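See structure below.
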Amino acid sequence: MNWGSAVPDSALWLAEAYAITVVVLVITALLLARYTRWGNQFRRMAWPYFDPRRTVLPLSILASLLLLTIFGVRVTVLFSYWYKDFYDAIQNLDETAFWHYLRVFAILAAVHVASSLVVYLVGQTLDINWRSWLNDTLTDDWLDGRAYYRGNFLENPVDNPDQRIQADITTFVTSSRTLSMGAVTAMVSIVSFTKILWDLSGPLTVFGAEIPRAMIFLVYIYVLVTTALAFWIGRPLIMLNFLNEKLGATFRYALVRLREYGESIAFYRGENVERRTLGLRFAAVIRNMWAIVFRTLKFSGFNLAVNQTAVVFPFLVQGSRLFSGQITFGDVMQTAQAFGQVHNSLSFFRESYADFASFRATLIRLTGLADADRRARALPVLDAFSSGKHLIVRGLDVRTPVGEALISELDMSLVPGDALLVKGPSGSGKTTLLRSIAQLWPYTDGSVTTPVGSVLFLSQRPYLPLGSLRAGLAYPDQLPAGQPNTGRANFDDDRFRDALAHVHLAHLVGRLDEAADWTRILSPGEQQRLAFARVLLIRPRTAFLDEATSGIDEGLEYTLYDILRHELPDSIIVSVGHRSTLDVFHNRQLELRGAGHWTLTDREG
């Protein structure tokens, strides 16, 4: 090795290796995307981020990381030549050369440390940017077209989409980088150190036959055979890792549900039932973990045995040539180092199979979420329009998931100031009617036209978003970008105070900007009153109330509806309810009788 020309020689080597690697990577990626399922899944998750038509920054970061990775291989190659020269100096008792090569080592070590730190920084930059983009993309896709809700109506709903977005994205991004750059390192190292081994290898006589350059052939045969066996042993880890994620998320969901419904469970004294439910789900997690452990024992045990055998292999082959004077001690040490690099590089694919199995499971989960979102958006939806001042329903058919009629050929028209009360026995489709009008229920036909302006639905179960009480009261008001989620965008403090006072929650005025879990602080009745305050604050042109006063006593219910009709005299109100006390506030009534039958009547409001 001519250390005086190491820098220009390395620059030329780096340019050639980089160009060849880029070409090979592009061709390999195209072939995998076309001919393998997981390659096509990876393309779906990765290409939109790296697409230069969107921005060149991701490809620039990836190109820099690739260059640094190949540079790291070059430094390792230089270390290999340093091993030869350094140990030759020791064998020759050359003190001057000894100290010279220690200085060379100091330079190589400094370059290695610096490049390793830069590789870490660039790799983390890629991970963070890619994870941020993929999180935004999958979250938007999940929310788009209300797929997060309509996905429940699929024949096979996706499990735990929250975990797939929160955890699987991180695993996917990190594994994509480590596996791809690891494969690049392995392949470039194989080419580089095979040349070194070729120059150092000698003939070997086996059963009377002389094999030229024997070490090259032996290391490749050894690793290829062991890699094939390792793939066969480790293949079940793909499904086991997939099940590990699924079962773990199922167990975590049961824990979250226990916390969410803690009060109801405590009233029922249902601890024993919950303990048994948690135990059964956790037992499934443990069974799968033991299956992973036993399979990993076989896989890792095989790899350890293979690696330990490879340690002494180059010394066995080169030992006789050293003692016969054909090669120097430095040649032996370089052989051992080069052999180790080739062996480790060839073994990368075998030893990374467990990581690849986990990566495959993550790909399946992420593409499964994207596919489920797409199918959810493709479900049938009621034709909806926004025009004029009337609420018009034409030819509305509502069915159960199994095709049984709930409402058939519903036609009605409501004008500003109308209030419609929807009644009927349980299961007749009252809430489902509102879901259909809101374009949530897929088993429906017909059309609905709502007045121009805001439309607000209050569901049976009140909802308060994370954040301040002010934000919860203004929900779903869209705030300008960059402003804190306080709900200040369109309403002044007087509007907030008046709305809370109207629903008898004036004591909360001083806590409007307090961020807390208000769902746990407020009682169900208080949450329903807050929902009424939301209607008074937003003042929609059309409001749909689905049993919005079920947790409130009749006296307060009367007060709330009286305020609602007084404050919003020109709004269209559609209420679902059972109580007769609601009759006085509605001038029209729709009674659902089941089996598709209904009656629409006018009443004196």
Side-chain angles (χ1 to χ4, degrees), residues 37-38 41 45 131 135 138 142 148 151-152 154-176 178-179 182 229-307 349-372:
R37 180 185 178 190
W38 71 266
Q41 290 173 330
M45 289 292 105
R131 181 186 175 186
N135 177 81
L138 287 185
W142 189 42
Y148 62 93
N152 295 319
L154 295 174
E155 183 176 354
N156 295 303
V158 68
D159 64 277
N160 305 297
D162 52 322
Q163 188 213 21
R164 299 185 187 219
I165 293 175
Q166 184 270 327
D168 290 342
I169 286 177
T170 303
T171 303
F172 167 73
V173 168
T174 303
S175 297
S176 296
T178 55
L179 288 173
L229 291 173
F231 282 2
W232 177 70
I233 295 172
R235 184 173 180 80
L237 285 171
I238 295 177
M239 182 53 63
L240 290 174
N241 278 288
F242 175 81
L243 290 175
N244 185 57
E245 296 292 334
K246 179 178 180 179
L247 295 173
T250 302
F251 175 63
R252 182 170 57 252
Y253 174 74
L255 291 171
V256 171
R257 197 168 181 274
L258 174 61
R259 183 184 66 180
E260 184 178 356
Y261 293 96
E263 182 177 354
S264 299
I265 294 169
F267 273 123
Y268 277 115
R269 302 293 193 268
E271 293 83 5
N272 290 333
V273 175
E274 298 301 322
R275 185 179 292 110
R276 182 174 182 275
T277 299
L278 292 175
L280 289 173
R281 296 196 174 198
F282 185 67
V285 173
I286 295 301
R287 283 194 301 272
N288 192 71
M289 288 184 66
W290 277 117
I292 292 176
V293 167
F294 291 131
R295 180 55 57 173
T296 303
L297 279 175
K298 299 175 184 177
F299 183 71
S300 298
F302 177 78
N303 283 336
L304 288 172
V306 169
N307 290 337
F349 303 97
R350 166 172 53 83
E351 295 182 343
S352 298
Y353 193 79
D355 295 332
F356 179 70
S358 177
F359 174 71
R360 283 283 307 274
T362 300
L363 263 181
I364 292 170
R365 290 176 60 79
L366 288 178
T367 54
L369 174 61
D371 290 340

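Not measured: the values here are computed from a predicted model. As a basis for the values below, the full set of heavy atoms in this structure was taken, side chains included, without hydrogen atoms, waters or symmetry mates.
No more than 12 heavy-atom neighbours from other residues, nucleotides or ligands sit within 6.0 angstrom of CZ on Arg131. The environment of Tyr253 atom OH is sparse: at most 12 non-hydrogen atoms of other residues, nucleotides or ligands sit within 6.0 angstrom.
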Below 3.5 Å, can you tabulate the donor-acceptor pairs from side chains in residues 279-293 to any protein atom, sequence neighbours excluded?
residue, atom, partner, partner atom, Å
Arg281, NH1, Thr250, O, 3.3
Asn288, ND2, Leu240, O, 3.0

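Across all non-hydrogen atoms, the minimal contact from Trp38 to Leu363 is O-CD1, 3.6 Å. In terms of heavy-atom proximity, Pro157 sits nearest to Gly151 at CB-O, 3.7 Å. Nearest heavy-atom pair, Ser358 versus Thr171, reported as atom, atom and distance to 0.1 Å: OG-CG2, 4.4 Å. Closest approach of Ala249 and Asn160 over heavy atoms only: CB-ND2, 3.1 Å. A pairwise comparison of heavy atoms in Asn303 and Ala230 identifies OD1-CB, 4.2 Å as the closest pair.
The CZ atom of Arg360 sits 7.5 Å away from the CZ atom of Arg235 when rounded to the nearest 0.5 Å. For the atom pair Thr296 OG1 and Lys298 NZ, the distance stands at 10.5 Å (nearest 0.5 Å). With rounding to the nearest 0.5 Å, the separation of CG in Leu369 from CG in Leu138 is 6.0 Å. Interatomic distance, Phe299 CZ to Trp232 CH2, rounded to the nearest 0.5 Å: 13.0 Å. Rounded to the nearest 0.5 Å, atoms CZ (Arg257) and CD1 (Ile265) are 7.0 Å apart. A distance of 10.5 Å separates CG of Leu179 from OG1 of Thr174, quoted to the nearest 0.5 Å.
Checked against side-chain contact (heavy atoms from CB on, under 4.5 Å), Ile364 has the following partners two or more places apart in sequence or in another chain: Gln41, Phe242.
Residues Gln166 and Asn135 form no side-chain contact, since every pair of their non-hydrogen atoms from C-beta on lies 4.5 Å or further apart.
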Test side-chain contact (heavy atoms from CB on, under 4.5 Å) on Thr178 and Asp355 and set out the steps.
CA-CA 10 Å; Thr178 55; Asp355 295 332; over 6 Å; no
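Annotation: salt bridge (charged side-chain N to carboxylate O under 4.0 Å, His left out) contacts involving residues 157-173, sequence neighbours excluded, comprise Asp159-Arg164, Asp159-Arg365, Asp168-Arg365.
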